[in-house]
Amino acid sequence: MHQEISAGVVLYHRAPDRQYLLLDYGSHWDYPKGHTKPGESLLATALRELREETGIDNAVLLPGFETTIEYSYRKTGALVAKRVVFFLGESPGRRVTLSDEHHGYAWLPCAEALGRLTYPSARRVLAEIEAFLLANPA
């Protein structure tokens, strides 16, 4: 079985209320993320993918939060085991320069983001983040 590792950032903006950035991949809504490059750390991958997919390069990562999802899918007939590590970041602004691999984006409050996210694992990540932010107010 082939294995893939990706990393991403769940990004929020806090004014006037906390809103999360979701990307429209055409077939699903999810967070900015992508594959690691050889020798690249998960954190470096997450920040690079955030910059490449959204143009955001000034996010502040929150220490103490990291979560992983795992799933499998078929790629050209072969089974692929996928692991994605997510970090949590705060964006000082809401300006997005979308890459050509996405169809759109939205900044949404938690309840709306939960309704827009396609996969249950992505909704679980957001629920973990909300619990983390409530337990660790800034």
*Does Y25 have any ring-ring contact (aromatic ring centres under 6.0 Å, His included) partners at least two apart in sequence or in another chain, and if so, which?*
H28, H102

*Mind checking whether L50 and V60 sit in one hydrophobic cluster, side chains of I, L, V, M, F, W, Y counted as touching below 4.5 Å?*
no

*Answer yes if L21 and W29 sit in the same cluster of Ile, Leu, Val, Met, Phe, Trp and Tyr residues linked by side chain heavy atoms under 4.5 Å apart, and no otherwise.*
no

*Given side chain to side chain contact (heavy atoms under 4.5 Å, CB included), test E130 with Y20 step by step and report yes or no.*
CA-CA 11 Å; E130 278 289 297; Y20 294 94; 2.3 Å; yes

*E101: what forms a salt bridge (Lys or Arg N to Asp or Glu O under 4.0 Å) with it, not counting sequence neighbours?*
none

*Indicate whether the side chain of T45 and that of E40 have a donor and an acceptor atom separated by less than 3.5 Å.*
yes

*All pairs passing salt bridge (Lys or Arg N to Asp or Glu O under 4.0 Å) where residues 105-128 contributes a residue, at least two apart*: R124-E128

*asked:* Is there a side chain to side chain contact (heavy atoms under 4.5 Å, CB included) between D24 and L98? Walk through the geometry before answering.
replied: CA-CA 10 Å; D24 178 0; L98 207 58; over 6 Å; no

*With side chains defined as the heavy atoms from C-beta onward, is the minimum distance between V9 and P32 less than 4.5 Å?*
no

*Could you pull out the closest heavy-atom pair between A122 and D30, with the gap in Å?*
CB-OD1, 3.9 Å

*asked:* With clusters defined by side-chain heavy atoms of hydrophobic residues (ILVMFWY) lying less than 4.5 Å apart, directly or transitively, does L117 cluster with I129?
replied: yes

*Applying the 4.5 Å side-chain criterion to the ILVMFWY set and letting contacts propagate, would V85 and Y71 be lumped into a single cluster?*
no

*Given V84 and V125, is the side chain to side chain contact (heavy atoms under 4.5 Å, CB included) satisfied, shown in steps?*
CA-CA 11 Å; V84 185; V125 168; over 6 Å; no

*Is the shortest side-chain N to carboxylate O distance from E4 to K82 below 4.0 Å?*
yes

*Single-linkage hydrophobic cluster L61~L42, side-chain heavy atoms < 4.5 angstrom*: yes

*Mind telling me whether Y31 and F86 have parallel, tilted or perpendicular rings, with 30° and 60° as the class edges?*
perpendicular

